[in-house]
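Only one structure is covered here, and it is reproduced in the block below.
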Amino acid sequence: MNEDTNLSLLRRLNLNHLVSFLTVAESQTFRGAAARLHISQSALSVQIQQLEEVLRVRLFHRTTRSMALTAEGKRLLPVARHVTREVTLVTGDFWEEAALQRGVASLAATPSMAAGLVPPVMKAVADEHPGIKIELLVKDSSNDVADAVRQGDADLGLLSFSEEPKDLAVTPLRQDELVAVVPNSYTRLARSRQVTLRQLARFPFLIQPRGGSFREVLDRHLREQEVTIDIHQEILQAEVLVGLVGHGLGVAVLLERALVPLNLEGCRVIRLRGVRPGRVGLVSSPRRFLSPAVELLRRVTEEVSNRAWVYPHRVVAAHAE
């Protein structure tokens, strides 16, 4: 049969036909099968007749006293069992996913987000719905996170941005403060409660390379304030930059939440004056439906982000003053 004939045949079949056939075959009586299906014997007979008309064969030998499968019915029986079993299994999966008893959601995040915000999010999801699995994809930059969502590699992306990506749906979460990280050995600078980019520009600059959204934000502020910096090192990893600062090799400007998991020994964190904060957001593709597990992850991320973030370095700074 050609494809059009196959489609025409399948359109005339429905799952009720197979369920009715399977129930009659297992019950071996129309009365018992009708009782199991909670329908009348006449309605059940109509469904079997319709199935036989579509298949153009007889499926049962029927007399007033007995009923048995024909050879064609015996061939159909394992097929009917397989189809109904598979449909039952996948339907059960869907019901469990809708009830958040199981499911998978993928989240792309930058390293600082993955270290700071993602762990409490994953813990909250695990506590609330232990059957939900969160797959974490750590990307080098916010641009990489956005691309992962665009390409379908991740359901959601957690990133920082100065301007919302126009082709993605954005759930704003919170502001993202920029701070200065300076060596304790720069005694006079380290005593400051706040500092400007122009003041920092007097010292060697340790900075993340171009290509990420954070560097774009910082470069824009430098241009707007007409400040030129002396770049000594360009390194992507915030922990490496902080380590260099702690050894007195220069100053750095970083997002405050990037410092949460880092060792700030030898460093002082100072508020940066005259710089607008960025924003943290959760992005998804408007062209893709969000499953119940992904919707749960989105909701929990928003709830956790709205809580006060703890910045241990602020305690250190307070003791230093």
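Values reported hereafter were calculated over all heavy atoms of this structure, with side chains retained and with hydrogens, waters and symmetry mates removed.
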Do Gln50 and Asn16 have side chains that get closer than 4.5 Å, going by heavy atoms? no
Measuring from Arg271:CZ to Arg273:CZ, what's the distance to the nearest 0.5 Å? 12.0 Å
Identify whether the distance between the nearest side-chain nitrogen and carboxylate oxygen of Glu303 and Arg299 falls below 4.0 Å. yes
Any donor and acceptor pair, going by atom type alone, linking the side chain of Glu86 with main-chain N or O of Val83 inside 3.5 Å? no
Under 3.5 Å, side chain of Arg62 to main-chain N/O of Met67, donor-acceptor pair present? no
Counting heavy atoms not belonging to Glu26, are there more than 12 under 6.0 Å from its CD? yes
Can you list the other members of the hydrophobic cluster that holds Val90, where links are side-chain heavy atoms under 4.5 angstrom apart? Phe94
Within the distance-only criterion (no hydrogens, no angle test), does the side chain of Ser20 pair as donor or acceptor with the backbone N or O of His17 below 3.5 angstrom? no
Separation of Ile207 CD1 from Leu241 CG (nearest 0.5 Å): 9.0 Å
Lys/Arg N to Asp/Glu carboxylate O, Glu53 vs Arg58, below 4.0 Å: no
Do Lys123 and Glu128 sit within salt-bridge range, that is, some charged N less than 4.0 Å from a carboxylate O? no
With a 3.5 Å distance limit and no angle check, can you tell me whether Thr110 reaches the backbone of Ser142 through a side-chain donor-acceptor pair? no
Are Leu13 and Val46 connected in the hydrophobic side-chain network, where two residues link if heavy atoms are under 4.5 Å apart? no
Has the side chain of Thr88 got a donor or acceptor atom that lies under 3.5 Å from a matching backbone atom of Thr84? yes
Considering all heavy atoms of both residues, which atom of Leu137 and which atom of Glu135 are nearest to each other, and what is their separation? CD1-O, 3.7 Å
Enter the distance from Ser291:OG to Asp155:CG here, rounded to the nearest 0.5 Å. 6.0 Å
Same cluster for Val121 and Val104 if Ile/Leu/Val/Met/Phe/Trp/Tyr side chains link at under 4.5 Å? no
Is there a donor-acceptor contact under 3.5 Å from the side chain of Arg198 to the main chain of Gln225? yes
Ignoring hydrogens and angles, tell me if any N or O in the side chain of His38 forms a donor-acceptor pair with the backbone of Ala34 under 3.5 Å. no
Trace of the salt bridge (Lys or Arg N to Asp or Glu O under 4.0 Å) decision for Glu72 with Arg75: CA-CA 5 Å; Glu72 292 77 13; Arg75 288 168 58 188; 5.4 Å; no
Is a side-chain donor or acceptor of Ser27 paired with a backbone partner of Val24 at a separation under 3.5 angstrom? no
Quick check against the 3.5 Å criterion: does His61 have a side-chain atom that pairs as donor or acceptor with the backbone of Ala68? no
Residues in salt bridge (charged side-chain N to carboxylate O under 4.0 Å, His left out) with Asp219, at least two apart? Arg210, Arg215
Under a 3.5 Å distance rule, please check whether Asp144 uses its side chain to pair with a backbone N or O of Lys139 as donor and acceptor. no
Is there a path of hydrophobic side-chain contacts, each under 4.5 Å between heavy atoms, that joins Leu236 and Leu259? no
